[in-house]
Engineer: 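This is the structure, below, for whatever I ask next.
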There are 2 protein chains.
Amino acid sequence: MGSRATNASGILRELILISRRGVADARTAAVSLSLTDQSILGYIVDHPGARSVDIATAFRLNRSTVSRQLANLVRLGVVRERAVEASGRGRPLELTDAGWAAYHEALGILRSVVDHRLGDWTDAEVARFAHDLRRFNTHEEEGTNP
Amino acid sequence: MGSRATNASGILRELILISRRGVADARTAAVSLSLTDQSILGYIVDHPGARSVDIATAFRLNRSTVSRQLANLVRLGVVRERAVEASGRGRPLELTDAGWAAYHEALGILRSVVDHRLGDWTDAEVARFAHDLRRFNTHEEEGTNP
DNA sequence: GCGTAGCGTTGCACTATACAACAGGAGGTG
DNA sequence: CACCTCCTGTTGTATAGTGCAACGCTACGC
């Protein structure tokens with residue numbers, strides 16, 4: 001195979017392709033939530049009680065952007081502010097029951113796309129790929145544990 | 001390690017994260033070309049003489065979207081229609097000298113991000129990751145060979 | 001108790017995108 | 001050759017997502 005430089009370029013190329021085609025696929029899929037919304041819900045699921053500003057820093061977005069997205073999600077009834085917990089700064093968020101349903105529905109659809117792509121992979125290869133991706137993403141994460 | 005289902009979910013999760021953070025990083029980077037523009041230039045580089053509609057199908061975009069993006073790139077002087085070749089349908093595209101320069105500049109910047117993330121990987125691990133990504137992307141490509 | 005800083009919101013602007021309608025030309029059919 | 005059809009690209013209109021800047025509120029520290 002090629003040199004390390006060639007491989008690194010190939011990795012960049014494939015990642016760009018994944019990103020560009022992935023968002024297009026997700027856009028045309030019959031999902032009620034956009035990929036943007038889904039990523040926000042996923043963050044709240046992975047980080048219970050997360051606040052708006054946490055989401056903004058995790059995805060490198062402006063606070064105003066997240067504020068608007070969250071306002072929309074609240075309007076859709078999938079996200080709400082935690083009622084009881086009024087301690088500290090900001091407003092911890094959580095999913096409503098409808099939010100969990102929408103999250104799992106969208107996850108299932110996107111999962112089926114990934115599963116199809118992984119059709120002829122062995123379990124070991126899938127595990128290795130998942131590990132590599134995670135390693136790639138978590139390289140030098142300071143506090144922004146996604 | 002987890003089950004195959006767990007790993008597949010993890011892969012989806014990491015890919016979403018790559019996409020969401022990647023575009024944000026590219027947006028804030030001091031690059032003259034957006035990630036959208038860069039992906040179009042990359043396609044033309046990989047497929048000499050590609051036409052607008054080829055780009056649209058490769059990235060699952062509407063023809064109108066690509067038309068507008070290309071009009072902008074032509075206005076910026078990085079892409080032009082092939083002068084000599086008027087055979088067949090559509091209008092084959094190519095990069096100008098300025099286009100090549102911009103392409104390599106942007107590629108270098110994005111490459112440095114990827115290289116940094118791969119800092120502590122061995123050459124073999126990088127090669128394996130590149131291979132896995134390529135395999136994941138090229139699964140069941142019909143004619144849309146990107 | 002008061003000031004500062006963190007957090008969320010809103011106004012304005014811009015890019016990327018889709019859909020629909022249209023225009024022009026290449027290729028096939030008679 | 002003439003015509004018709006379909007491919008390709010363009011333009012009008014609408015929408016989502018995003019950034020920057022300015023503002024308002026409230027928790028925290030002194």
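Keep in mind that the numbers below use all heavy atoms, side chains included, and drop hydrogens, waters and symmetry copies. Residue numbers begin at 1 in each chain, while the letters A, B, ... track the order of the sequences. Since this is a predicted model, take the numbers as computed values, not measurements.
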Engineer: Output yes when B/Arg135 and B/Asp132 qualify as a salt bridge under the 4.0 Å nitrogen-oxygen rule, no when they do not.
Structural biologist: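 Judged by the 4.0 Å cut-off on N to carboxylate O distance, B/Arg135 and B/Asp132 do not form a salt bridge.
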
Engineer: Within the 4.5 Å heavy-atom criterion, are B/Leu107 and B/Gln38 side-chain neighbours or not?
Structural biologist: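 Answer yes - side chains close enough.
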
Engineer: C/dT9 P sits how many Å from A/Leu93 CG, rounded?
Structural biologist: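 Computing the A/Leu93:CG to C/dT9:P distance gives 9 Å.
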
Engineer: Could you run down nucleotides 15-22 of chain C 5' to 3' and tag each one B, S or - for protein heavy-atom contact under 4.0 Å?
Structural biologist: -SSBBB--

Engineer: With the side chain of A/Arg51 defined as its heavy atoms from C-beta on, choose the nearest nucleotide among D/dT10, C/dA26, C/dC7.
Structural biologist: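 Taking heavy atoms from C-beta onward, the closest nucleotide is C/dC7.
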
Engineer: Could you work out, with side-chain contact (heavy atoms from CB on, under 4.5 Å) as the rule, every residue matching B/Thr122, not counting sequence neighbours?
Structural biologist: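 Only B/Ala124, B/Glu125 meet the side-chain contact (heavy atoms from CB on, under 4.5 Å) criterion with B/Thr122.
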
Engineer: Quickly work out the B/Arg21 CZ to D/dT18 P distance and round it to whole Å.
Structural biologist: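 Distance check: B/Arg21 CZ to D/dT18 P gives 15 Å.
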
Engineer: Between B/Leu70 (CG) and D/dT11 (P), how many Å, whole number?
Structural biologist: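 The distance from CG of B/Leu70 to P of D/dT11 comes to 13 Å, rounded to the nearest Å.
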
Engineer: For D/dA27, take OP1 and OP2 only and decide whether either is under 4.0 Å from a side-chain N or O of A/Arg91.
Structural biologist: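 No, A/Arg91 has no side-chain N/O under 4.0 Å of OP1/OP2 on D/dA27.
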
Engineer: Would you check if the side chain of B/Arg60 reaches a backbone N or O of A/Arg21 as a donor-acceptor pair within less than 3.5 Å?
Structural biologist: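 No, because the side chain of B/Arg60 does not come within donor-acceptor range (under 3.5 Å) of the backbone of A/Arg21.
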
Engineer: Reckon B/Ser67 has a side-chain N or O less than 4.0 Å from the OP1 or OP2 of D/dG9?
Structural biologist: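 For D/dG9, neither OP1 nor OP2 has a side-chain N or O of B/Ser67 closer than 4.0 Å.
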
Engineer: Is it the case that the side chain of A/Asn137 and the backbone of A/Arg134 share a donor-acceptor pair, with hydrogens and angles ignored and the cut-off at 3.5 Å?
Structural biologist: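 A pair under 3.5 Å: no.
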
Engineer: Test your reading of the model: is there a side-chain donor-acceptor pair from B/Arg63 to the backbone of B/Val53, 3.5 Å cut-off?
Structural biologist: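 No, because the side chain of B/Arg63 does not come within donor-acceptor range (under 3.5 Å) of the backbone of B/Val53.
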
